[in-house]
Amino acid sequence: MGRGKIEIKRIENSSNRQVTYSKRRNGIMKKAKEISVLCDAHVSVIIFANSGKMHDFCSPSTTLVDMLDQYHKLSGKRLWDAKHEHLDNEINRIKKENDSMQIQLRHLKGEDISNLNYKELMVLEEALENGITTLKAKQMEFVRMMRKHNEMMEEENQNLLFKLRQMHLDPMDDNVMEAQGVYDQQVADYEAQQQMPFAFRVQPMQPNLQERF
């Protein structure tokens with residue numbers, strides 16, 4: 001009995017659909033490799049599964065980009081939409097601007113200026129003078145900031161030194177005040193003794209000394 005024909009329609013059973021996809025995908029890839037080797041043909045196959053997974057094959061003697069370019073030339077069909085064309089134009093514009101800026105940078109360095117005319121040299125000189133003026137103004141601003149910073153640091157150092165002296169001098173001041181108080185008390189006691197009546201003065205320890213007089 002020969003192989004029966006199957007109806008070409010979507011397989012509803014997900015398991016059977018996945019098995020059939022794997023078998024037929026492998027068969028297509030095998031045929032693509034065979035025709036590429038046997039016939040020296042340029043073949044490219046791209047398959048996207050229902051899950052979004054991609055499988056592809058391209059002949060070793062070419063690339064997918066080259067094949068797409070060749071397809072575009074032979075078929076005349078546009079492979080890029082307006083959005084991609086706009087992006088391509090934007091990339092080209094940025095490349096041109098970058099090249100122009102590189103040339104201007106070399107001119108500012110004094111390189112490749114032999115072909116510049118008088119007007120272009122005047123524009124270059126003006127740009128350099130403006131740059132020097134801006135640079136000097138920035139330098140002066142930086143110097144002022146550094147001076148202000150140094151003044152603040154000096155003031156902070158003076159405050160710290162003053163506080164440090166106070167911390168070391170306060171105990172000494174307390175001792176001096178205490179000693180001064182003791183001295184003042186001794187002086188006051190002596191003066192009080194001098195002002196006492198004669199009867200309350202302290203008598204000598206040897207009364208015989210009084211008799212001699």
Rounded to the nearest 0.5 Å, what separation is found between the NZ atom of K30 and the CG atom of N26?
10.0 Å

Say you draw a straight line from CG of N16 to CD1 of I11; how long is it, rounded to the nearest 0.5 Å?
6.5 Å

Atom CZ of R10 and atom CZ of R17: how far apart are they, to the nearest 0.5 Å?
4.0 Å

First locate atom CE of M145, then atom CG of N150, and finally report the distance between them rounded to the nearest 0.5 Å.
11.5 Å

Given the rule that I, L, V, M, F, W and Y join up when any side-chain heavy atoms are under 4.5 Å apart, are V45 and I35 in one cluster?
yes

4.5 Å side-chain heavy-atom contact, F142 and R147
no

Minimum side-chain heavy-atom gap E90-I94 below 4.5 Å
yes

Is there side-chain contact between S36 and P60, with heavy atoms separated by less than 4.5 Å?
yes

Would a 4.5 Å heavy-atom cut-off, applied to side chains only, mark F57 and I47 as touching?
no

Flag side-chain contact, heavy atom, 4.5 Å: N98 against Q102:
yes

At what distance, to the nearest 0.5 angstrom, does CG of L64 lie from CD1 of I46?
4.5 Å

Would you compute the distance between atom CG of L135 and atom CG of L128 and round it to the nearest 0.5 angstrom?
11.5 Å

Would you say that E34 contacts K31 through its side chain, given a criterion of any heavy-atom pair below 4.5 Å between the two side chains?
yes

Not counting sequence neighbours, which residues clear salt bridge (Lys or Arg N to Asp or Glu O under 4.0 Å) with E155? List them please.
none

Shortest non-hydrogen separation from Y21 to F48 and the atoms involved
OH-C, 4.1 Å

side-chain hydrogen bond (donor to acceptor under 3.5 Å, both in side chains) involving E129 - partner list, sequence neighbours excluded:
none

Residues in side-chain hydrogen bond (donor to acceptor under 3.5 Å, both in side chains) with S44, at least two apart?
none

Hey, could you give me each pair passing salt bridge (charged side-chain N to carboxylate O under 4.0 Å, His left out) that has a residue in residues 107-117? Not counting sequence neighbours.
R106-D112

Can you name the side-chain hydrogen bond (donor to acceptor under 3.5 Å, both in side chains) partners of E97, sequence neighbours left out?
R93

Checking T63 against D66: is there a side-chain donor and acceptor pair closer than 3.5 Å?
yes

Hey, does F162 have a side-chain heavy atom less than 4.5 Å from the side chain of Q166?
yes

Show every donor-acceptor pair shorter than 3.5 Å between a side-chain atom in residues 113-124 and any protein atom, with sequence neighbours excluded, or say none if there are none.
unit_1	atom_1	unit_2	atom_2	d
N117	OD1	K119	N	3.3
N117	OD1	E120	N	2.7
E120	OE1	N117	N	3.1

